[in-house]
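Structure record follows, encoded as structure tokens.
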Amino acid sequence: MPETDMLLMTLVIFLPSVFALGLLLFPKGTEEWMRWFALLGSAATLVVSLFMLVDYYNLLNSDTSNPARISMHGDQATLDYRVAEAGKRDGQMTPPVFQDYVSRKPWIEKFNIEYFLGLDGISLPLIVLTTALSFLAIIASWRIERYTKGYLMLFLLLETGMVGTFLALDFFLFYIFWEVMLLPMYFLIGVWGGPRREYAAIKFFLYTLLGSVFILIALLGFYFTDIQDFVDHSVYRKQVEAAMDPRTATPEAAEGKVTVHTFDMIALKKVGAAAFRKLSGRVDDVEVNVPIWKNNQVTGGQTMKVKDLPPAKKKQVLDRLEQSFFKEPFQLTMFLLLFIGFAIKVPLFPFHTWLPDAHVEAPTPISMILAGVLLKMGGYGIIRIAYPICPWAAQYLAWWLALFGIINIVYGAFAAMAQTDFKRLVAYSSISHMGYVILGLAAWKVVDGNTVGSQYWGWGVNGAMFQMIAHGISSAGMFFLVGVIYDRAHHRNLDNFRGLMEPMPFYGGVSAIIFFAALGLPGLCGFVGEFMVVLATWNFDKTFAILAALTVVITAAYILWTLQRVYFGTNPAYKDYQDMTVREILCIAPLVVLAIALGVFPKYLLMSWMEPSVTGLVDSLASLAGKG
Amino acid sequence: MFSQQAIDKLETSLIADLMAFSPELLVCTGIVVMLLLRLLPRLRLHMCGISLFFSGSALLLTAIHFWDVKIPLGGSSVALDFLGIVNPKDPPFSGLLVVDHFTGYLRIVLLGFAVLITWLSMLTGIPDEEDSADFYTLLLGGTLGMMLMASANHLLMVFIAVEMASLPSYALAGFMKGRRQSSEASLKYVVYGGGASGVMLYGISLLAGRFGTGYLPDVATGIHAECLKGGPGIAGIGGMDAVVLLGIVFILVGLAFKLSAVPFHFWCPDVFEGAAAEVGAFLSVASKAAAMALTARLLLVLAGTADLGEASFLMTTKIKPEELTELMQKAIGPVVAFFAAITATFGNLAAYPQTNLKRLLAYSTIAHAGYMLMGLAVMNADGAKAVLFYLFAYIFMNLGAFAVVAFLRNKTGSEDLKDFRGLVYRSPLLVVLLGVFLLSLLGLPPLVGFAAKFQVFSVLFDAGQHHAHAGNSTLSYVYYGLLIIGGINTVISTVYYLKVLKVMVLERPLEELEGRPAVPLRLSIGAVIFSLLLGLSIFVGGILWNPIAEASDRGAQDFRRAAKSSLPTQPPVGMGAGGGGGARPGGPPPGGPRPGGGPPFRAAPSEARP
């Protein structure tokens, strides 16, 4: 039986690249065919991702009687569980299951780097969002006339980077995909952008590269920790076989000779949990994997708490727990490095200045991708890497993170209000909305070493995830709508528009829906996430909750004011504007439908398959501190 | 009595020594053949084939040697060990040279580069038929010197090798005889180079005089003794007397010149600008690789990480090898780190305003010397391993960048950035490939330059963590600081690498602004294949770099003490402790008789061969 999950995940990552290479074969003058071909490529990718979605959804609900499938209810929906199961099967030499959507192949053995892919309810919505927005953005790119081939190739390469980032479970692999996105974006802004495109492109590049360097340093920091106590015995056995002569291998001899270093995010999460326990003074509760030796071979392993270990082993383990990874400065430094690296992408307040420039100068489809997907990378990185690997620092700094989230929300909203450029306004509204993501994540309240109200924090993280998806839909829609009017009026000055509703009633109606979705009107997608985040924040810090809720008024103010300035009234200059074309309607319609549908059926459409994984992650982190 | 023994040994081991030297001998043969062919007046032959043949076959031989390739012959496999077993404990030519895995790796790098650069020169036609003998003789001669630099194990050999590598380089820099700039570059190079070698020779004479030997492990042993007297850390330097200190500093100055490390880099941009791009590539890759190798060997021998041939010093004192290494790291590591940091930072900052492509690449070369020095600053086998990987990556990316510059020069007659505005619309392939080379130099994944930089950075982090654990907080701050400087440098370097791409891709071509259609550049098919091959290697090397990492690990394994099971208590016959210097921590009287039964054939040749 083929490894269907590996195949599908690899396909969804590299299909766009294959189509990008295929574009090379088109001769000059066949631009129309190139567009169709690229559209086909992104459509195929979308179909594969939807297939994965259906398959994953079935996994969640399947009964356990089918041996090829595993049930994924509750805790089992987390990646930790599936990876541990896969590891067990590997250790017992039982055949692997090819439909559990975690899959690994050795890649660079010298550094123990793996081609390790996996998806869960956290990454899958973002993958589908990416493939869907890419498809729509290619439709929106039909008007790109200059150097079409280069544009489409870069776009498809960008898609590979984006999807790969969401699927990678090996930190090194993640980093590579993360960096792969950088260059296509630089050129897409720099060649096809507006008048100040060169400035915007290099600014984007430098900011993001600086963030990447931070992430790289954290990556090295994790790698150089010996984590042999936290890996599955099968991994440990491989290291023993590599480092020692099988005849002389004994537990005593292996001690000090065998070390395990990894980029595996799932394994690192366990190490992060151990660091949390140790730093909160409960080193006895740290769970370690103890290999079982038989006839000079590692034959199995068992999970034990440190306090239950035999004295000799306990001493060794405690020695290893003295590595710098398990110390406060390291955890704080690494968390901050990761957080800043990801926050630049989000973008968070002091690091946000690249975003308005990049958005304003980028061509419409690229703005859609930037706002719809690239900003989510930051949030995803924080959920997937920064929080699980450095949970202690995350809760230690929770108040500060929440503060920066609030600053983002308030600052973005006020800044948006001050803008006269339509695109800049949307860009600042993005900053404001992404603040909710940070706020929701940060709402981990720990008092006296106990998590207070872990279910509220669960709402916060779920809300943050929902907000990312909702914002992906609404902001992409807003940028597209700005693009539609820019194509006709060739300016974006808010003060010079008026009365667009009259010649373009359909456009006006669609705009109203999308803008209200961004505003957070109940019944539309923007409401759900913000509501959950504010609820979670109430538990965390009431002042923050009130501030976040009050900002909705400012958001409403600038959005309504914008609608008023652009659509209402009459303006003879724009009388003969054509309403949206079929292509434009095709592009915006799915976004409108999703914006409404996610607002009306948040549970059926998204929460039901996203929530188990998110809650599983939250529970595993919150339980570290002990539930209060 | 023992001199008779030594002479016997010399005689019996001559064949084995020559076998170990066979790649160099092949290159020598190539040079001689070319020079002889040149004498035939009627024969008008482009010599590139000969250069290619000899460097290629030497490369093949070295590769077989390095990987212990076994050839299947009629059912049984035959090991090609006629080249001599790689054994650093029994160095050929009485210890003047050492042929270990490190040497092997460097030989592969240098010969591989010689093959590639010969191929490139065929494509660009830089030596015409008439000059080809000169050009390739110089090229192979330089390569030969560099191979010796990689295997030198004696201060005398160090000097000879450096000179052998330098003299052909001076001539190559001035090879384009018609151009004023070229001659100027050559002259500048000679003057600077001459000064640097003079200083280096002085340093060598000081050290050799002080310790009565030029054999590197013995010299290192002597220095260790001095360092121990001074006390721990930087204070160890205070323990050395002025002669030793000056000797070390002067030798390092000579090497810094070859490395174009700040503050001895002034020649580099001028020479690169004046010389042909092909020569620039040769100087920036091969010459850099050899100098880096020599520096690595000196530093590692000094750090005592290499097995010093049962150096008597370790036998007679209580100090453990690990402690000794740490001591030397404390004393010398920060100094190397400092120069690595300023070299990288200066190179990157100075590259920013450049508009001439070759000049820009020259500063980029300086910056990369800085990155590689960072790997050496940790002074252990892991650092050497990272640098070996870096050198491999560096061949492809830097040669690629220079090759594109050479192709562009041939097509447009210009090397100035402003003439390449909007080049992507005239020659998309060339610009995409140049992009790959430059971005690999920048260190963007998934290109091989990233893998290289990643390893250097990881070595720095590892060293920082290791020393923090061992309680050497100063040293750990040094390495962490170096890591941060490296990271910042990567960001700085983005600006100028991207500037090139910005001009070529983002700006409109001049013709378009003037309303004419852009004239496409047509490359020869050979040039397309050559640059595509390099570009592909960079991709493949960046994605599947495990084999290269294995090879570089193998290359550095002889510097890894832990790999040896234990130090043999009894030195093998004929191999006894060579070091007179370390046995008596006070240091031996210069030139005095050598007590202690060390066979003299490992001492200074003047002693061994009266």
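Letters A, B, ... are given to chains in the order of the sequence lines, protein chains preceding strands, and every chain is numbered from 1.
Rounded to the nearest 0.5 angstrom, His469(B) NE2 and Glu322(A) CD are separated by 8.5 Å. In this structure, Thr494(B) OG1 and Leu209(A) CG are separated by 4.5 Å, a value rounded to the nearest 0.5 Å. With rounding to the nearest 0.5 Å, the separation of CD in Gln455(B) from NZ in Lys110(A) is 9.5 Å. Rounded to the nearest 0.5 Å, atoms CZ (Phe214(A)) and CD1 (Ile484(B)) are 9.0 Å apart. A distance of 9.0 Å separates CG of Leu220(A) from CG of Leu460(B), quoted to the nearest 0.5 Å. The structure places OG1 of Thr333(A) at 9.5 Å from OH of Tyr480(B), a figure rounded to the nearest 0.5 Å.
Looking only at side-chain heavy atoms (C-beta outward), Gln465(B) and Gln323(A) stay at 4.5 Å or farther from each other. At least one side-chain heavy atom of Lys502(B) sits under 4.5 Å from a side-chain heavy atom of Tyr186(A). Between Phe457(B) and Ile217(A), every side-chain heavy-atom pair lies at or beyond the 4.5 Å cut-off. In this structure the side chain of Ile113(A) reaches within 4.5 angstrom of the side chain of Trp545(B), judged on heavy atoms. At least one side-chain heavy atom of Ser458(B) sits under 4.5 Å from a side-chain heavy atom of Phe111(A). Between Tyr425(B) and Arg146(A), the closest side-chain pair of non-hydrogen atoms falls below 4.5 Å.
Contacts of Phe177(A) with chain B are absent, with no heavy-atom separation under 4.5 Å from either backbone or side chain. For Phe330(A), the part lying near chain B is the side chain, with the backbone staying farther off; criterion is any non-hydrogen pair under 4.5 Å. Heavy-atom distances place the side chain of Ile202(A), and not its backbone, under 4.5 Å from chain B.
The candidate from Val505(B), Asp462(B), Thr490(B) with the greatest count of non-hydrogen atom pairs under 4.5 Å with chain A is Asp462(B). Of all the listed residues (Phe205(A), Tyr147(A), Trp178(A)), the one sharing the greatest number of non-hydrogen pairs under 4.5 Å with chain B is Tyr147(A). The residue among Leu444(B), Leu498(B), Val424(B) with the most heavy atom pairs within less than 4.5 Å of chain A is Leu498(B). Per-residue counts of heavy-atom pairs under 4.5 Å with chain A were compared for Gly435(B), Ala549(B), Ala468(B), Pro445(B); the largest is that of Pro445(B). Note on Leu439(B), Ile492(B), Val495(B): by heavy-atom pairs under 4.5 Å with chain A, the leading option is Leu439(B).
Here the closest heavy-atom approach between residue Leu506(B) and residue Gly190(A) is recorded as CG-O, 3.2 Å.
Side chain of Trp107(A) to backbone of Ile543(B): a donor-acceptor contact under 3.5 angstrom is found.
A centroid separation of less than 6.0 Å is found between the aromatic rings of Phe172(A) and Phe450(B).
Checking each of Val491(B), Leu483(B), Ile488(B), Asn489(B) against Val213(A) for a side chain to side chain contact (heavy atoms under 4.5 Å, CB included) leaves exactly one that passes, namely Val491(B).
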